[in-house]
Amino acid sequence: MFRSTARMIRLFKVKEKQREIAEIANGRAPVKKQSAGELRLHKDISELNLPQTTTIEFPNGKDELMNFEVSIRPDEGFYRDGTFMFTFQVSPIYPHEAPKVKCKTKVYHPNTALEGNVCLNILREDWKPVLNINTVIYGLHHLFTEPNCEDPLNHDAAAVLRDNPKLFESNVRRAMGGGYLGNTYFSRCT
């Protein structure tokens, strides 16, 4: 049984190599076979329904879909008129694994660490293959309109939001305007 399986695998590899050689001989570049994750991501991106305040960019071109950037500019809440950039790295086994999302904009936020890690339950324990990129983007957008002090990465910001929302709003505005908030420097994002 094992010997015939190994022979079949070699046969498939030989046929794949022959196809590549034929494509090169005909003046075409060999076609890269897409992973299931790439196919699913392509479908997700073609079906995106982004809020007007959100954009998506592919810095490496549309041929490199697995890494992209999303910009969110909330039009309500504490973070209104700020612009926040996120990087997405999508695994070849997507949707069976959640995308890796980092915030490139340093932000004073209870659910975002100063290093860019994002605390969003659907990126961790609540991820399911039926979820998609659109769901993640809406989840990120929701964090800016409704920050959650119950599940923080930035415990100091969460405590201020919980105990003194007016001071929290002032801190957010100061950080978004650029400069120091305590010992932490924030670049202007408005």
Side-chain angles (χ1 to χ4, degrees), residues 41 44-45 47-60 64-91 94-95 97-128 130-190:
L41 182 61
D44 284 2
I45 289 171
E47 295 174 351
L48 278 177
N49 182 18
L50 299 176
Q52 289 183 329
T53 58
T54 304
T55 59
I56 187 169
E57 291 183 21
F58 298 89
N60 301 325
E64 175 54 55
L65 292 181
M66 303 304 271
N67 299 295
F68 55 92
E69 296 176 344
V70 170
S71 172
I72 296 176
R73 185 174 176 84
D75 57 0
E76 60 181 294
F78 295 117
Y79 298 92
R80 179 183 60 258
D81 300 327
T83 301
F84 306 95
M85 294 294 298
F86 293 87
T87 59
F88 281 62
Q89 290 183 329
V90 182
S91 162
Y94 171 80
E97 181 178 291
K100 306 287 184 244
V101 178
K102 284 257 194 194
C103 186
K104 288 176 56 175
T105 308
K106 189 179 280 190
V107 59
Y108 179 78
H109 194 293
N111 308 112
T112 305
L114 296 174
E115 305 80 40
N117 296 323
V118 178
C119 184
L120 185 61
N121 61 336
I122 62 171
L123 292 175
R124 301 183 329 235
E125 71 274 0
D126 290 342
W127 177 258
K128 293 174 180 43
V130 298
L131 299 176
N132 58 31
I133 297 300
N134 208 55
T135 307
V136 174
I137 292 171
Y138 271 91
L140 293 172
H141 198 274
H142 184 72
L143 285 180
F144 285 101
T145 56
E146 298 286 331
N148 179 4
C149 60
E150 300 304 316
D151 188 21
L153 278 180
N154 183 332
H155 294 278
D156 295 333
V160 174
L161 174 59
R162 184 176 42 254
D163 301 336
N164 190 344
K166 290 283 186 202
L167 177 59
F168 179 79
E169 183 174 17
S170 173
N171 288 348
V172 167
R173 287 283 150 205
R174 282 184 35 213
M176 286 175 36
Y180 282 93
L181 183 61
N183 293 328
T184 305
Y185 181 78
F186 292 88
S187 296
R188 182 178 177 90
C189 66
T190 55

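This structure is a prediction, so every number in the text was calculated from the model and none was measured.
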Would you say that more than 12 heavy atoms from the other residues, nucleotides or ligands in this model lie under 6.0 Å from the CD of E125, or not? yes
Around atom CD of Q52, are there more than 12 heavy atoms of other residues, nucleotides or ligands at under 6.0 Å? no
According to the interplanar angle, ranging from 0 to 90°, do the rings of Y94 and W127 count as parallel (below 30°), tilted (30 to 60°) or perpendicular (above 60°)? tilted
Do the rings of F144 and F84 sit parallel, tilted or perpendicular, given the 30° and 60° boundaries? parallel
What's the shortest heavy-atom distance between [X] and [Y], and which atoms?
{"X": "A157", "Y": "P110", "answer": "CB-N, 3.9 Å"}
{"X": "L161", "Y": "C149", "answer": "CD2-CB, 4.0 Å"}
{"X": "F78", "Y": "P165", "answer": "CE2-O, 4.1 Å"}
{"X": "R124", "Y": "C119", "answer": "NH1-SG, 2.7 Å"}
{"X": "A175", "Y": "Y108", "answer": "CB-CB, 3.9 Å"}
{"X": "L50", "Y": "Y138", "answer": "C-OH, 3.9 Å"}

Any side-chain donor-acceptor pair under 3.5 Å between T83 and R73? yes
Answer with yes or no whether the side chains of D44 and N132 bring together a donor and an acceptor at under 3.5 Å. no
[atom1]-[atom2] distance between [X] and [Y], expressed to the nearest 0.5 angstrom:
{"X": "L140", "Y": "T54", "atom1": "CG", "atom2": "OG1", "answer": "9.0 Å"}
{"X": "I72", "Y": "F86", "atom1": "CD1", "atom2": "CZ", "answer": "5.0 Å"}
{"X": "M176", "Y": "D81", "atom1": "CE", "atom2": "CG", "answer": "6.5 Å"}
{"X": "K100", "Y": "N117", "atom1": "NZ", "atom2": "CG", "answer": "11.0 Å"}
{"X": "N49", "Y": "N134", "atom1": "CG", "atom2": "CG", "answer": "6.0 Å"}
{"X": "N111", "Y": "L143", "atom1": "CG", "atom2": "CG", "answer": "5.0 Å"}

Tell me, do [X] and [Y] make a side-chain contact under 4.5 Å, heavy atoms counted?
{"X": "H141", "Y": "T53", "value": "yes"}
{"X": "N171", "Y": "V160", "value": "yes"}
{"X": "V136", "Y": "F88", "value": "yes"}

Decide yes or no on side-chain contact (heavy atoms from CB on, under 4.5 Å) for T87 and M85, but give the supporting numbers first. CA-CA 7 Å; T87 59; M85 294 294 298; over 6 Å; no
Please list all pairs passing the salt bridge (Lys or Arg N to Asp or Glu O under 4.0 Å) test where one or both residues lie in residues 102-119, with sequence neighbours left out. E69-K104
Enumerate the salt bridge (Lys or Arg N to Asp or Glu O under 4.0 Å) contacts for residues 154-175, please, sequence neighbours excluded, ordered by first and then second residue. none
Output, in order, the C-alpha distance, side-chain angles, deciding distance and verdict of side-chain contact (heavy atoms from CB on, under 4.5 Å) for V90 and F68. CA-CA 9 Å; V90 182; F68 55 92; 3.9 Å; yes
